[in-house]
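Just so we're on the same page: letters track the sequence lines, and every chain starts at 1. What's counted below: heavy atoms across the whole structure, side chains too, no hydrogens, waters or symmetry copies.
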Amino acid sequence: MYALVDGNNFYVSCERVFRPSLMGRPVVVLSNNDGCAIARSNEAKALGIRMGTPWFEVRDKLAPGSVVALSANFGLYGDMSNRMMSLAAGLGPEQEIYSIDESFIGVAGVRDVTARAFQVRERILQWIGIPCGIGIAPTKTLAKLANHIAKTADRSPGTYAPDLGRVCNLAALPASDLDTVLAATAVDKVWGIGPRLSQQLNGAGIVNTLQLAQMDPAVARRGWSVTVERTVRELQGTSCAALEEVAPRKKEIASTRSFGRPVTSLDDLLEAVTEFASRAAVKLRSQDSHAGQVLTFVHTSPFRRQDKQYSRSIVVPLRRPTADTSLIVRAAVMGMRDIFRQGYNMSKAGVMLLDLQDASIEQHELDLGVAQENRTKLMAAMDTINDKHGRGTVAVASAGTAGPRRRWVMKQQWKTPDYTTSWEQLPLARA
DNA sequence: TCTGGGGTCCTAGGACCC
DNA sequence: TCTGGGGTCCTAGGACCC
């Protein structure tokens with residue numbers, strides 16, 4: 001039995017904790033470069049603002065001041081997430097942190113699980129200030145669905161019975177009621193069924209979740225794929241996805257950014273790529289891995305139809321797997337020099353580390369043993385310093401030496417303070 | 001004028017091998 | 001005239017998730 005605890009409109013809810021005046025108002029949180037809406041308050045959703053809508057479209061359509069827009073403050077959201085997760089863990093003996101605002105809890109054997117879920121929800125709201133929905137069911141897919149029902153019953157009354165709001169335990173529902181609920185849920189609300197699949201399913205006459213749940217798994221496999229087959233089985237109550245208490249190591253690590261404005265020069269791109277590679281290397285070391293290959297890419301903006309388009313990537317193999325920032329930066333810079341072309345408005349670039357393996361599997365080379373050990377110590381020292389004094393205190397100087405311009409940095413016009421992670425930015429309480 | 005970032009899994013197809 | 005079958009590995013791209 002699984003529970004899914006999910007923070008409602010999570011980023012917006014985090015901002016509201018420190019600015020209660022935002023309560024009850026349409027609020028959106030924007031992606032990097034203040035580009036798209038990536039979180040919306042219920043009031044913003046009611047205005048018809050869709051996930052991923054470019055901010056300039058929203059702004060042009062609505063009266064000035066009718067929506068509050070904020071730049072994403074991921075430092076704040078990450079910290080709030082940690083606090084929420086530690087309280088959610090109180091619902092059962094096992095926890096999988098699935099995303100920044102969701103965690104699955106293994107609740108097998110938990111007594112009065114529905115009542116307990118209400119208590120945990122109340123505690124998170126009171127202690128952290130984040131409203132949650134909780135879904136409970138025999139499989140992860142059904143728990144996700146239950147969570148969707150819990151949120152929807154709260155937000156837009158009419159689709160589901162009001163007593164399914166906030167906490168929805170599908171396992172406690174009589175079979176006939178469960179069928180009614182599934183029949184009232186469109187198939188695209190199911191975890192793993194995206195726009196493309198739901199279109200195909202609709203074409204085959206499968207419109208609601210009850211119909212999908214009643215599909216023969218063999219038909220699902222033949223007509224679509226194993227993933228759809230698993231989804232069907234999970235809807236039928238057969239668990240196909242287990243709880244992952246310890247997050248498996250990542251198989252690839254990326255650091256990519258869109259630029260605040262078009263970038264045309266190789267120097268700027270080398271500078272950007274140096275930073276991307278450095279960031280990726282920090283993530284790599286933090287999970288104790290080495291990378292065997294470095295992929296570098298750059299491309300123009302597909303939205304600027306009037307511009308000449310360009311897009312290329314290159315994989316540079318490392319001589320041996322490593323987590324050394326300078327070696328990784330060198331490979332990324334080499335890659336960028338290779339794929340760069342003059343005369344384009346580049347809009348985005350990035351570095352991805354591939355072919356990751358456990359750092360304990362080391363390939364030593366003749367005569368390099370000592371040097372290698374020192375490099376590892378140097379990297380550890382660099383990480384410690386940057387951890388303590390802030391990212392970028394110590395960095396690898398590479399081609400294109402970071403000047404004061406940094407033309408490629410992103411835009412963040414409306415960022416709120418780091419309320420919970422910076423002494424300088426602690427909120428002030430006044431009497 | 002202005003359009004995110006970071007992942008995973010699966011499949012198809014090509015290269016290569018015996 | 002008629003030109004195999006089976007396997008692996010790699011890459012690109014699609015689809016999905018938050």
Touch class at under 4.0 angstrom, heavy-atom based, for A:E102 against every strand present: sugar-phosphate
Nearest-nucleotide comparison on DNA chain B, the residue closer to the 5′ end among A:S225 and A:R249: A:R249
A:D79 side chain to A:T420 side chain, donor-acceptor N/O pair below 3.5 angstrom: yes
Exercise: do A:S289 and A:Q287 side chains pair donor with acceptor under 3.5 Å: yes
Contact residues, residues 297-314 of chain A to DNA chain B [heavy atom, < 4.0 Å]: A:F303, A:R304
All salt bridge (Lys or Arg N to Asp or Glu O under 4.0 Å) counterparts of A:D101, not counting sequence neighbours: none
C:dG4 versus B:dC17 - spacing of their C1' atoms, nearest Å: 14 Å
Touch class at under 4.0 angstrom, heavy-atom based, for A:V58 against every strand present: nothing
Angle between terminal axes - the helix from B:dG5-C:dC18 to B:dC18-C:dG5, 5 pairs each end, rounded to 10°: 10°
For chain A, the stretch of DNA chain C it reaches, first to last nucleotide, under 4.0 Å of its heavy atoms: C:dA15 to C:dC18
Basic-acidic side-chain contact under 4.0 Å: A:R249, A:D288: no
A:R230 versus A:T141, side-chain donor and acceptor atoms under 3.5 Å: no
Any side-chain donor near an acceptor of the partner, A:D34 and A:S71, under 3.5 Å: yes
CA sep, side-chain torsions, deciding dist, call: A:E96, A:K140, salt bridge (Lys or Arg N to Asp or Glu O under 4.0 Å): CA-CA 11 Å; A:E96 170 186 339; A:K140 282 174 146 188; 2.7 Å; yes
Parallel, tilted or perpendicular: ring planes of A:H148 versus A:Y160, cut at 30 and 60 degrees: perpendicular
A:D418 versus A:T421, side-chain donor and acceptor atoms under 3.5 Å: no
Touch class at under 4.0 angstrom, heavy-atom based, for A:W55 against every strand present: nothing
Under-4.0 Å salt bridge between A:K151 and A:E102: no
A:R233 and A:T139 side chains, donor-acceptor separation under 3.5 Å: no
Sugar-phosphate, base or nothing in reach of A:I253, heavy atoms under 4.0 Å: sugar-phosphate
Heavy-atom check, side chain of A:C132 versus side chain of A:M84, under 4.5 Å: yes
Contact list for DNA chain B against residues 29-52 of chain A - heavy-atom distance below 4.0 Å: A:S31, A:N32, A:G35, A:C36
Whether A:F297 and A:H299 hold their rings parallel, tilted or perpendicular, with breakpoints at 30° and 60°: parallel
Flag, side chain of A:S198 to backbone of A:I193, donor-acceptor distance under 3.5 Å: no
Touch class at under 4.0 angstrom, heavy-atom based, for A:R279 against every strand present: nothing
Ring geometry between A:Y419 and A:F18 (parallel below 30°, tilted from 30 to 60°, perpendicular above 60°): parallel
Contact residues, residues 132-143 of chain A to DNA chain B [heavy atom, < 4.0 Å]: none
Plane angle bin for A:F104 and A:Y98 - parallel if under 30°, tilted between 30 and 60°, otherwise perpendicular: perpendicular
